[in-house]
Amino acid sequence: KVSSNLGLIQANETILHGQLGLHGQVGMKGLIPYSDLTKLLSTILFFITDNHNKNDHLSKTHEIKHKDFNGTGKEKSVEFYFASDASAIIEHTNQVMFLEDDDIAAVVDGCLSIHRAKRSVGDLASRTVHTLQMELQQIMKGNFKAFMQKEIFEQPESIVNTLRGRINFEDGTVMLGGLRDHIKEIKRCRRLLLIGCGTSYHAAVATRQALEELTDLPVMVELASDFLDRSTPVFRDDVCFFISQSGETADSLMALRYCKNRGALTVGITNTVGSSISRETDCGIHINAGPEIGVASTKAYTSQFVSLIMFGLMMSEDRISMQKRRKDIIAGLQFLPDLIKEVLSLDEKIEQLAKEMFQHKSLLVMGRGYHYATCLEGALSEATHKLEEQHLIFCLGSIQPNEN
């Protein structure tokens, strides 16, 4: 038999295995009636094996049988993998289906059925099977001591991948395909809102000054959690950018839905195809940085930075007063991978410096202007890595005082 595999992904969720009838037992959680499922589906992915076929009253959305994988005429066995992230199943299959909120996946006699606990206007009638472009080697550590170290040294390549096919260094044109159909609407907007958490927030801080210069629009940078707590006013002529490596950041997702309900145009900047933010936004940019396993972000941060700068270049393409500035930035982007390689060649000197600072109880990182965001990200990464190694350290990124 030829085996066909399919992975079902519910990002950022918990997986429970068990039996479910009309009042079935799920894991060790006890009996759960169907009326309570809708309260749980937003936080839990159920792997359901229904032996009694008592779920017929649920609304069936999609069904996959053996014949759907039988294009060659050979008899095939179908295996289904349930996971919270695509990297967990890439060793077994590159065919995945993403589950939506309120989806119930039932596997019976090798047949997968997806049901809806409740329906609403605009629900898709089926689920698409996606082919992942990820390779197993991308999520392996290789010869490096840690994933974070590997991802630091992958930055020259990740920057090239972010730029590839989007910027023409000969004629100075920039085209982001995901924004092409909405660029006129974005140019007519009242203001730009950049919303993110942690490293993604720092990427927004790092590019705010350049975006204001290139777009001639007010740029507001918001921490997603604070944005929601303040019930920030959002208008229909606003454009809201949601920046997230995974595309599943909970606060950013809630902020996205908050802005969509108020009629704003939403733009996603993510590193994960098929993520919630990439699916729910009106348009977006995929940063193409490759899988990032390390806790402290590295290559995703630099690719987010470059993606936002390319957006600013695209917005300023018809501004005569910005042409010299655009040429300087584009020339800088062309040589950026080589400059990163020069920095990485100092690995041994940087390691020696790190060993000297390793035992200190606190670290103050100072800078101003374009360097302020680097200070914030450096302090966050240092604190994250130290906590990971069980050594507590106080890190603070601060604006450097004026010399005058």
Side-chain angles (χ1 to χ4, degrees), residues 1-132 134 248 272-276 279:
K1 294 183 179 180
V2 180
S3 175
S4 293
N5 298 335
L6 175 69
L8 280 84
I9 307 297
Q10 176 80 356
N12 225 13
E13 311 295 1
T14 304
I15 301 177
L16 299 179
H17 299 267
Q19 301 291 326
L20 179 64
L22 185 59
H23 291 276
Q25 185 176 8
V26 180
M28 299 301 293
K29 299 298 183 181
L31 298 178
I32 301 179
Y34 276 125
S35 59
D36 290 341
L37 281 179
T38 56
K39 301 175 184 177
L40 296 170
L41 282 173
S42 61
T43 57
I44 297 175
L45 167 65
F46 287 96
F47 179 4
I48 301 170
T49 305
D50 186 354
N51 292 334
H52 305 291
N53 199 26
K54 296 274 185 82
N55 57 1
D56 288 341
H57 69 280
L58 291 175
S59 177
K60 184 179 292 188
T61 297
H62 192 81
E63 185 174 74
I64 293 181
K65 300 180 179 179
H66 293 276
K67 64 181 180 180
D68 295 325
F69 294 92
N70 198 11
T72 61
K74 299 179 181 179
E75 184 181 1
K76 293 187 177 184
S77 61
V78 182
E79 294 177 328
F80 298 98
Y81 295 86
F82 286 73
S84 59
D85 187 79
S87 60
I89 59 173
I90 192 63
E91 181 179 359
H92 307 286
T93 180
N94 65 346
Q95 302 290 311
V96 301
M97 180 184 294
F98 296 97
L99 299 179
E100 305 288 347
D101 289 345
D102 296 321
D103 275 358
I104 301 176
V107 178
V108 183
D109 296 329
C111 175
L112 167 69
S113 299
I114 296 179
H115 305 264
R116 297 287 289 169
K118 59 179 180 180
R119 278 195 175 276
S120 57
V121 178
D123 281 351
L124 295 175
S126 63
R127 297 286 177 266
T128 303
V129 177
H130 300 269
T131 302
L132 296 176
M134 186 189 309
E248 303 292 345
T272 310
V273 175
S275 62
S276 296
R279 296 199 310 272

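Predicted model only: the values in this text are computed from it and were never measured.
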Visitor: Take S276 and E248 through the side-chain hydrogen bond (donor to acceptor under 3.5 Å, both in side chains) test and state the conclusion after the steps.
Guide: CA-CA 6 Å; S276 296; E248 303 292 345; 2.7 Å; yes
Visitor: For R279 and L99, work out which heavy atoms get closest and say how close.
Guide: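 Taking every non-hydrogen atom into account, NH2-O, 4.1 Å.
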Visitor: For a 4.5 angstrom cut-off between non-hydrogen side-chain atoms, does R116 reach I104?
Guide: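 Result no, sub-4.5 Å side-chain heavy-atom pair not found.
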Visitor: So, for Y81 and T93, which heavy atoms are closest and what is the spacing to 0.1 Å?
Guide: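 Smallest heavy-atom distance, with atoms named: CD1-CG2, 4.4 Å.
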Visitor: Distance from M97 atom CE to F82 atom CZ, nearest 0.5 Å?
Guide: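 Here the interatomic distance stands at 10.0 Å.
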Visitor: On a heavy-atom basis, which atom in V273 and which in F98 lie closest, and how many Å separate them?
Guide: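 The answer is O-CZ, 3.7 Å.
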